[in-house]
Amino acid sequence: QAPLVESGGGLVQAGGSLRLSCKASRRFAFIGNDMSWYRQAPGKQRELVATITRDRRTDYVESVKGRFTISRNNRKKMVYLQMNSLEPEDTAVYYCAAYVACGSGPVAWGQGTQVTVSL
């Protein structure tokens, strides 16, 4: 019954790939929600990585452009983050987040999934 649940994290070598998944609960209309992926590394502030709007416009932090792809499946209430060419600097806990209005922060967070990239 958690609002958002992530999966798909793991340990990979530099240059490898992972696909993260986030499932939204029935409390969300979802088709009307913008969705994002954030990450937080040890000792660092949480960083916005990627966003996909309800009309499927996307945006990425500069450091992941060309390597990460965010997508969504509204019928399944799922959002995904395909991560390719992973680097050690990508190591972090990755969180899914949902929005309901402009001008405010996320209204729900997932529990996080660990991504570790080794040399």
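Since the model is a prediction, treat every value here as computed from it, not as a measurement.
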**OP:** Check whether any side-chain heavy atom of M83 lies under 4.5 Å from a side-chain heavy atom of V64, and answer yes or no.
**Re:** no
Original post:
Distance only, no hydrogens: is a donor on one side chain within 3.5 Å (strictly under) of an acceptor on the other, for S17 and N84?
Top reply: yes
Subject >> side-chain contact (heavy atoms from CB on, under 4.5 Å) partner of I52, chosen from T58, D59, T69 >> reply: T58
Subject >> Where A2 and S25 come nearest, the two heavy atoms and their spacing >> reply: O-CB, 3.4 Å
**OP:** Would you mind listing every salt bridge (charged side-chain N to carboxylate O under 4.0 Å, His left out) that reaches into residues 1-14, with sequence neighbours excluded?
**Re:** none
Original post:
Side chains of V115 and R39: closer than 4.5 Å at any heavy-atom pair?
Top reply: no
Subject >> Remaining members of hydrophobic cluster (4.5 Å side-chain criterion), L119 >> reply: none
**OP:** Name all pairs fulfilling the disulfide bond (SG atoms under 2.5 Å apart) condition that reach into residues 30-87, sequence neighbours left out, sorted by first residue then second.
**Re:** none
**OP:** Answer yes or no: is there a side-chain heavy-atom contact under 4.5 Å between Y95 and L20?
**Re:** no
Subject >> Full working for side chain to side chain contact (heavy atoms under 4.5 Å, CB included) between N73 and Y80 >> reply: CA-CA 8 Å; N73 185 319; Y80 308 95; 4.2 Å; yes
Original post:
Minimum heavy-atom separation for S36 to Y99, with atom names?
Top reply: OG-CE1, 3.1 Å
Subject >> Distance-minimising heavy-atom pair for G8 and L18 >> reply: O-CD2, 3.8 Å
Original post:
Side chain of Y60, backbone of I70: donor and acceptor closer than 3.5 Å?
Top reply: yes
Subject >> Test side chain to side chain contact (heavy atoms under 4.5 Å, CB included) applied to V117 and E89, step by step >> reply: CA-CA 8 Å; V117 185; E89 292 74 20; over 6 Å; no
**OP:** Inspect the surroundings of CZ in R54 and state if more than 12 heavy atoms from other residues, nucleotides or ligands are less than 6.0 Å away.
**Re:** no
Subject >> ILVMFWY cluster, L81 and V61 together (side-chain gap under 4.5 Å) >> reply: yes
**OP:** Kindly indicate whether the side chain of M78, heavy atoms from C-beta on, has any atom under 4.5 Å from the side chain of S21.
**Re:** yes
Subject >> For the student: nearest non-hydrogen atoms of L4 and Q111, plus distance >> reply: O-OE1, 3.8 Å
Original post:
Same hydrophobic cluster for L11 and L86, using side-chain heavy-atom links shorter than 4.5 Å among ILVMFWY?
Top reply: no
Original post:
Roughly how far apart are T51 OG1 and R57 CZ, rounded to 0.5 Å?
Top reply: 10.0 Å
Original post:
Is any side-chain heavy atom of P3 closer than 4.5 Å to a side-chain heavy atom of F28?
Top reply: yes
Subject >> Partner residues of Y38 under the ring pair (Phe, Tyr, Trp, His ring centres under 6.0 Å) criterion, sequence neighbours left out >> reply: W109
Original post:
Do the side chains of C96 and W37 get nearer than 4.5 Å, heavy atoms only?
Top reply: yes
**OP:** Report the hydrophobic cluster partners of I31, with the cluster defined as I, L, V, M, F, W, Y residues connected by side-chain heavy atoms closer than 4.5 angstrom, directly or transitively.
**Re:** none
Subject >> Pairs flagged by salt bridge (charged side-chain N to carboxylate O under 4.0 Å, His left out) wherever residues 69-82 is involved - sequence neighbours left out >> reply: none
